[in-house]
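Side chains included, hydrogens not; waters and symmetry mates left out as well; all remaining heavy atoms used. Read the numbers this way: they start at 1 and go in the same order the structure lists the ligands and their atoms.
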Amino acid sequence: MSKVYGKETICIQSCWKPANGEPRVLPIYQSTTFKYESNEQMGRLFDLEESGYFYTRLQNPTNDFVAAKICELEGGVAAMLTSSGQAANYYAVFNICEAGDHVVLSSTVYGGTYNLLTVTMKKMGIECTVVDPDDTLENLKKAMKPNTKCVFGETIANPAMVVLDIEKFATLAHEHGVPLIIDNTFATPINCNPFQWGADIVTHSTTKYMDGHATCVGGVIVDSGNFDWTAYPEKFPGLCTPDDSYHGIIYTEKFGKGAFITKATTQLMRDLGSIQAPQNAFLLNIGLETLALRMERHCSNAQKVAEFLEAHEDVAWVNYPGLKSNKYYELGQKYLPKGSCGVISFGLKSGREGAGKMMNHLSLAAIVTHVADARTCVLHPASHTHRQMTDEQLKEAGVAPDLIRLSVGIENVDDIIYDLKQAMEKANA
Ligand SMILES: *Cc1c(COP(=O)(O)O)cnc(C)c1O
C-alpha cells in the first residue's frame, strides 16, 4: 500500500509529476487545440469513446492537473475548474436541475449565490426555497418537495460566519434521495472536508484562500462519487438516461463515479463555456502550494484579533466561530477543529457612522471588496455592497448596519492589532 500523504504534502507535491527531463513546475498548456494523427481518433474523442483533449473550451491539461490536486485535498473522485466561483455553483446545480425542478438553499449563503438561485435561476424555471440553517431537521423537512433535486449550503457563511451543521443538512438531503452541495470556500479543504460529513458535491470560489493573493477569479467543483444517481433515475434523467448529443451514451453507465463531472464538462462547458484560463490555473496552483501554511496563519492571526476586539471597550459585538462566546463555537469545534478561517465580522458601539469613521483611519488594512487573501482588508457592507439599503432592509438581508467584515491576513499579528487599535482611537477623537 502506498503512503497516504498529509494535506501539506499534497498541496506541494500532488498533481504534476514530471517524467525524466520534463519541467519541474506544472507547465501552462497555452493552446486552444490539440493535434491528432488520424481522423478516426478525433471522431472517437467527439463520441466520448476515447479520452483526450480537443478544445480548451471544454478541457485543458493545466486545469486538469490543478483540479486533480484540489480533488485529492477534498477526498473526491473527480473535479473540474471553472472561470469563477459563481460558475462553479451555477454548474453544480444546473447539472442536475432543469425547468420545473426545485432547490433548498440555506439563507445565509454568499449574496452572489443567493441571487443566482433566487433570481437568475428562477427565471430559468428552477424554484428555490430559502431555509434558516439553524432550524431543526423537522422544520427543514417541510421545505422539501417532490421536485426538489438538491440542498445547498456553505460550510462557513460569507459574511454571516454561520457554521453549517453539515450532518443535519446531509440527512435532510439523503432522506429525500437528493445530494447535498456544499460551498466550502471559507473553510478550504485544509480546515474542513465536507465529504466526511455526508456532503456529495463540494464547490469553491478559488478566488479566495486557494489563490490566496487576489490575482485570479476562479472556481472548482469536486464530486465525492458517493451519491448513487442510479438509485433515483427518475429524479436525475440527465445522468441516468441517454444523451442524444453523444450518440445516446448514459453518463452513469459509461463513466460510473465520474458521471457528474463528465456530464458537467461535456454538456455545460461545451454549451456555456465558463472554463478557467490555463494561465489562471497555473497561478492558482502556486497559491495552492502554500494553502496549508497560509490557513494556519490566517486562523491563528484571526483568533488573536477576534480576542483583542472582544476585549476592546469600543466594540459592541464580535462574530468569530473560534471565540468561546460564539453561537457557533460548538459546531466549529466539531467541523473545524483546526480553525475556521481568517474572516471576522464585528460592530462598534458607535454603529454605522462609527464604522466608516474607523475604517478611514486604518493604514495597514485596506478597504476592498475582496476577502480571504494574504493582505488584511475590510469592508462595510452598509456603505459599500449594500449601500442603497435602509437599516430595516439591511436587517432583513441579515447584514447588521454596523457590520464590519474584517479579513485577517498573514502579516505580523501585532501590526494588524496595532492598526485596528489606533484607528479606533482616532475615530473617537
Ligand atoms: C466569493 C464567493 C463566491 C463567488 O465566487 P467568485 O469567484 O467571486 O465568482 C461564492 N461563494 C462564496 C462563499 C464566496 O465567498
Side-chain angles (χ1 to χ4, degrees), residues 63 66-67 70 74 79-94 103 105-121 128 133 152-164 166 169 180-192 194 199 201-222 268 272-277 280-281 283-284 287-288 291 295 298 302 321 328 335-336 340-345 368-373 377-379 381 384-386 398-399 403 405-408:
N63 293 27
V66 180
I70 298 170
E74 282 291 12
M80 68 197 282
L81 297 188
T82 56
S83 57
S84 65
Q86 285 297 110
N89 286 335
Y90 173 43
Y91 279 29
V93 174
F94 197 53
V103 175
L105 178 70
S106 163
S107 64
T108 52
V109 294
Y110 173 69
T113 310
Y114 190 93
N115 206 68
L116 169 69
L117 281 153
T118 62
V119 180
T120 298
M121 292 188 78
C128 180
F152 192 109
E154 258 166 46
T155 312
I156 308 170
N158 172 11
M161 304 306 292
V162 170
V163 178
L164 193 79
I166 303 175
F169 271 72
L180 173 63
I181 304 176
I182 292 289
D183 181 333
N184 197 31
T185 299
F186 267 21
T188 82
I190 303 304
N191 285 343
C192 181
I201 310 286
V202 157
T203 62
H204 290 271
S205 165
T206 62
T207 318
K208 312 295 163 55
Y209 289 117
M210 284 190 176
D211 172 279
H213 303 80
T215 60
C216 299
V217 172
V220 67
I221 308 172
V222 188
L268 301 185
L272 302 170
S274 317
I275 192 96
Q276 188 167 129
N280 286 5
L283 290 167
L284 169 59
L288 286 168
L291 181 65
M295 288 315 289
H298 277 294
Y328 299 101
Y335 292 109
L336 305 151
S340 52
C341 65
V343 183
I344 298 170
S345 62
V368 298
T369 312
H370 199 55
V371 273
D373 73 74
C377 60
V378 284
L379 177 82
H384 308 142
T385 46
H386 299 60
V399 178
L403 184 149
R405 185 179 70 181
L406 172 66
S407 178
V408 178

Those residues that, when tested against S205, pass side-chain contact (heavy atoms from CB on, under 4.5 Å) (two or more places apart) = T185, T207, K208
Kindly write out the residues that satisfy side-chain contact (heavy atoms from CB on, under 4.5 Å) with T118, not counting sequence neighbours, or none if the list is empty.
-> L105, Y114, C128, V130
Sorted by chain and residue number, the ring pair (Phe, Tyr, Trp, His ring centres under 6.0 Å) partners of F152 (sequence neighbours excluded) come out as none
Does a donor on one side chain and an acceptor on the other come within less than 3.5 Å for N184 and T155?
-> yes
Minimum side-chain heavy-atom gap V222-I70 below 4.5 Å = yes
Validation row: E154, Y110 side chains within 4.5 angstrom (heavy atoms) | yes
Short N or O separations between ligand 1 and the protein, below 3.5 Å:
from     : atom 1 : to   : atom 2 : distance (Å)
ligand 1 : 5 (O)  : S205 : OG     : 3.1
ligand 1 : 7 (O)  : G85  : N      : 2.9
ligand 1 : 7 (O)  : S205 : OG     : 2.8
ligand 1 : 7 (O)  : T207 : OG1    : 2.6
ligand 1 : 9 (O)  : G85  : N      : 3.1
ligand 1 : 9 (O)  : Q86  : N      : 2.9
ligand 1 : 11 (N) : D183 : OD2    : 2.6
ligand 1 : 15 (O) : N158 : ND2    : 3.0
ligand 1 : 15 (O) : K208 : NZ     : 2.6

